[in-house]
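In what follows, chains are A, B, ... by sequence order, proteins preceding strands, each numbered from 1.
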2 protein chains.
Amino acid sequence: MTSVLAYESAYKSACAPTVSSKANPLAYLARSATTSPPPSGAVAGTNCSDCSLHSICMPAHLSATELARLDAIVCSTRLVRRGETLYRAGDKFKSIYAVRVGCFKTVITHRDGHEQVTGFHIAGEPLGLDGVCSDEQNCDAIALEDSKVCVIPFDLLEDLCHDVKAMQQHLHRMMSGEIVRESGLMMMLGTMTAQQRVAAFLLNLSSRMKTRGYSSAEFNLRMTREEIGSYLGLKLETVSRMFSKLQQAGVIDTNGKQVHILDSEKLAGV
Amino acid sequence: MTSVLAYESAYKSACAPTVSSKANPLAYLARSATTSPPPSGAVAGTNCSDCSLHSICMPAHLSATELARLDAIVCSTRLVRRGETLYRAGDKFKSIYAVRVGCFKTVITHRDGHEQVTGFHIAGEPLGLDGVCSDEQNCDAIALEDSKVCVIPFDLLEDLCHDVKAMQQHLHRMMSGEIVRESGLMMMLGTMTAQQRVAAFLLNLSSRMKTRGYSSAEFNLRMTREEIGSYLGLKLETVSRMFSKLQQAGVIDTNGKQVHILDSEKLAGV
DNA sequence: CGTACTCTTGAGCAATATCAAGGGGAGTGG
DNA sequence: CCACTCCCCTTGATATTGCTCAAGAGTACG
């Protein structure tokens with residue numbers, strides 16, 4: 001049996017250990033994005049320097065000056081309510097995003113109306129990198145719960161990358177990481193059984209939750225069985241059956257969207 | 001039925017219209033790569049400025065000075081014989097590559113020895129972009145026929161990107177394009193039937209051949225049925241059956257590795 | 001000219017999709 | 001606060017697709 005850990009290890013996203021709950025809720029009021037450098041001195045709660053999720057937006061060690069420049073670029077945040085879209089396929093590509101609070105799915109819609117989920121993005125993860133190549137977004141990004149993102153105008157980011165080599169390398173790593181993540185998923189879709197896919201999905205989510213400082217054993221799914229199925233190349237009934245099967249085997253404990261991983265070793269060995 | 005054209009259109013790789021056959025075969029003798037800028041005045045046949053495949057390595061309009069700098073970076077080519085590896089998973093990541101002549105497959109090998117083909121790369125296409133994120137290669141790149149690649153040291157490329165904005169944007173587009181290409185493949189693996197996958201594979205290859213100036217209707221496959229199957233998430237017998245089925249339907253005409261697309265409309269509508 | 005690889009085709013089987021029915025929970029309006 | 005409705009989830013029965021096992025023919029290369 002193919003170990004699902006191969007897929008697991010393919011996702012090397014850097015995330016912050018904890019999510020700050022002290023962020024000012026009024027900070028939701030997005031400041032308008034501008035293509036000219038905004039005034040420095042960002043509003044408390046929306047700047048990068050004290051953001052708990054900074055490790056996704058910036059390389060490890062930046063000088064105070066460089067940090068201030070990043071703050072100046074990431075000048076707005078945006079609130080997206082559950083079910084609303086952050087962007088749609090075909091939208092002009094201007095910015096990439098970092099999920100600050102909440103959870104998104106990205107969906108490709110075919111001409112025949114058929115939809116496929118291409119990814120789930122939780123707090124601390126990048127969004128929109130696929131738009132760079134064609135000047136327009138390739139998929140819809142839809143919030144699975146009330147969420148907040150940082151808006152990073154891509155042209156300004158490229159300018160910053162020009163001046164700060166560490167930033168340039170970080171961006172390249174983020175993009176390359178996205179390529180590796182997807183090739184891991186391809187492997188999964190190409191070679192794994194339904195049970196292995198569901199197991200790999202849960203383990204992947206588990207490790208991402210852990211990186212954020214949450215329990216890796218117990219969490220709530222924000223997506224439906226249908227969305228999971230679309231992502232994994234399975235029908236919703238099959239996903240449901242696999243959940244039941246893993247539960248009967250004593251590997252996990254599920255109750256609707258609540259998931260408790262009882263034996264991650266066994267889950268990885270499915 | 002899902003149209004395979006969605007996958008087709010997802011691949012937006014920029015390729016050159018023709019392949020120069022007048023390149024000096026002796027140019028295969030690779031000059032050693034160096035991390036310090038080599039002397040300018042590159043050997044005829046190995047520099048970028050007169051390479052027919054330049055559109056993959058460089059943005060549309062570069063000044064003579066900028067072109068010279070690119071020539072200076074892409075200082076070596078490498079010959080890889082059929083069956084040999086260009087790089088292996090785990091190798092230290094130093095360079096990206098551009099296929100100049102020939103054809104490669106990229107393969108991920110699992111710990112259990114199971115292999116999966118993650119992509120085929122023909123002349124004019126980039127190779128190795130997935131290594132950026134982790135400082136080491138994530139897959140093996142194996143030549144399917146005697147091939148030649150340009151070696152592009154990534155640190156030098158990043159330096160050039162620093163100075164030439166158009167180059168930076170081009171690199172970002174290449175990487176993002178790789179992300180989009182893979183999400184198209186994911187869609188294929190997740191939603192298409194065996195017949196649709198094979199049809200999409202042929203159409204994709206056809207369009208890439210056309211972009212290179214070859215016939216889009218008739219070409220030789222460099223890969224085996226097993227490699228195609230691995231790439232498409234199918235068994236080799238299934239691939240073979242689908243070829244036969246498409247032939248019976250009068251959509252294609254195959255004889256082993258030789259393929260003739262008789263009705264691309266119908267192929268896309270499968 | 002032989003050997004090893006590759007491709008084709010058939011028969012039976014296992015995994016997953018499809019069709020169908022019913023239960024449970026969250027949000028909404030009375 | 002309760003009842004209603006809509007979604008979402010679960011489970012069963014059946015259909016279909018693609019896989020496995022097997023045999024034999026074609027093809028490339030030393």
Side-chain angles (χ1 to χ4, degrees), chain A residues 1-2 81-83 105 114-117 142 144-146 188-202 220-249 252-260 270, chain B residues 1-2 81-84 105 114-117 142-146 188-202 220-249 252-260 270:
Chain A
M1 277 286 161
T2 301
R81 297 215 170 272
R82 178 182 171 170
K105 65 173 176 181
H114 181 88
E115 292 188 350
Q116 173 164 32
V117 175
I142 300 169
L144 294 177
E145 58 184 320
D146 292 355
M188 183 163 81
L189 293 173
T191 65
M192 289 188 186
T193 65
Q195 195 176 17
Q196 290 173 325
R197 293 180 202 196
V198 171
F201 170 76
L202 289 175
N220 274 305
L221 300 175
R222 299 299 179 183
M223 64 293 284
T224 67
R225 300 287 190 264
E226 187 167 19
E227 286 161 341
I228 296 171
S230 173
Y231 180 66
L232 297 177
L234 301 170
K235 292 294 161 191
L236 71 94
E237 295 95 328
T238 306
V239 174
S240 181
R241 276 185 240 276
M242 292 309 131
F243 272 98
S244 303
K245 204 169 163 190
L246 288 170
Q247 177 146 22
Q248 277 168 26
I252 63 171
D253 185 31
T254 61
N255 184 14
K257 294 203 155 50
Q258 192 116 33
V259 174
H260 192 175
V270 165
Chain B
M1 274 291 158
T2 300
R81 298 216 170 269
R82 176 181 172 170
E84 289 178 353
K105 65 173 177 180
H114 180 90
E115 292 189 351
Q116 172 165 31
V117 175
I142 301 169
L144 295 177
E145 57 183 322
D146 292 356
M188 184 162 82
L189 293 172
T191 67
M192 287 186 186
T193 64
Q195 195 177 16
Q196 290 174 325
R197 293 181 203 197
V198 171
F201 170 77
L202 289 175
N220 275 305
L221 300 174
R222 300 300 178 182
M223 64 294 284
T224 66
R225 301 286 190 264
E226 187 167 19
E227 286 162 341
I228 296 172
S230 173
Y231 179 64
L232 298 177
L234 301 170
K235 292 295 160 189
L236 72 94
E237 296 96 327
T238 305
V239 174
S240 181
R241 276 184 241 276
M242 292 309 131
F243 272 100
S244 303
K245 205 169 163 189
L246 288 171
Q247 176 145 23
Q248 278 169 26
I252 64 172
D253 185 31
T254 61
N255 184 13
K257 293 203 156 53
Q258 193 117 31
V259 174
H260 192 174
V270 164

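- When each of B/Thr224 and A/Met242 is assigned the nucleotide of DNA chain C bearing its nearest heavy atom, the one mapping closer to the 5' terminus is B/Thr224.
- Between the CG atom of A/Leu236 and the P atom of D/dC8 there is a distance of 10 Å, rounded to whole Å.
- Distance alone, capped at 3.5 Å, places no donor-acceptor pair between the A/Gln258 side chain and the A/Asn255 backbone.
- Looking only at distances, a side-chain donor or acceptor of A/Arg225 sits under 3.5 Å from a matching main-chain atom of A/Gly256.
- Atoms CZ (B/Arg81) and P (D/dC29) sit 14 Å apart, rounded to a whole Å.
- Taking atom CZ of residue B/Arg241 and atom P of nucleotide C/dT8, one finds them 11 Å apart after rounding to whole Å.
- Between the C1' atom of D/dT14 and the NZ atom of A/Lys235 lies a distance of 17 Å, rounded to the nearest Å.
- Checked against D/dC21, D/dG18, C/dT18, the side chain of B/Glu237 finds its nearest nucleotide in D/dC21.
- Between the CZ atom of A/Phe243 and the P atom of D/dC8 there is a distance of 15 Å, given to the nearest Å.
- Counting only heavy atoms from C-beta on, A/Thr193 has its side chain closest to C/dT16 among C/dT8, C/dT16, D/dC9.
- The closest donor-acceptor contact from the side chain of A/Arg197 to the backbone of A/Met192 lies under 3.5 Å.
- Nucleic acid contact for A/Gly233: sugar-phosphate only, since backbone atoms but no base atoms lie under 4.0 Å from a heavy atom of the residue.
- Atom CG in A/Asn255 sits about 9 Å away from atom P in C/dA26, given to the nearest Å.
- The side chain of B/Leu234 approaches D/dG18 more closely than any other nucleotide in the set D/dG18, D/dT11, D/dT10.
- If B/Val239 and A/Val239 are placed on DNA chain C by their nearest nucleotide, the residue sitting closer to the 5' end is B/Val239.
- A salt bridge links B/Arg81 with B/Asp146: the distance from a Lys NZ or Arg NE/NH1/NH2 to an Asp or Glu carboxylate oxygen falls below 4.0 Å.
- Using modelled atom types, no side-chain atom of A/Gln195 and backbone atom of A/Met242 make a donor-acceptor pair closer than 3.5 Å.
- Rounded to whole Å, atom C1' of D/dC7 lies 9 Å from atom NZ of A/Lys257.
- Per the geometry, CZ belonging to B/Arg197 stands 8 Å off P belonging to D/dC19, to the nearest Å.
- Below the 3.5 angstrom threshold, one finds no donor paired with an acceptor across the side chain of A/Glu227 and the base of D/dC8.
- Residue contacts for A/Ser240: at a heavy-atom cut-off of 4.0 Å it reaches a base atom on one of the strands shown.
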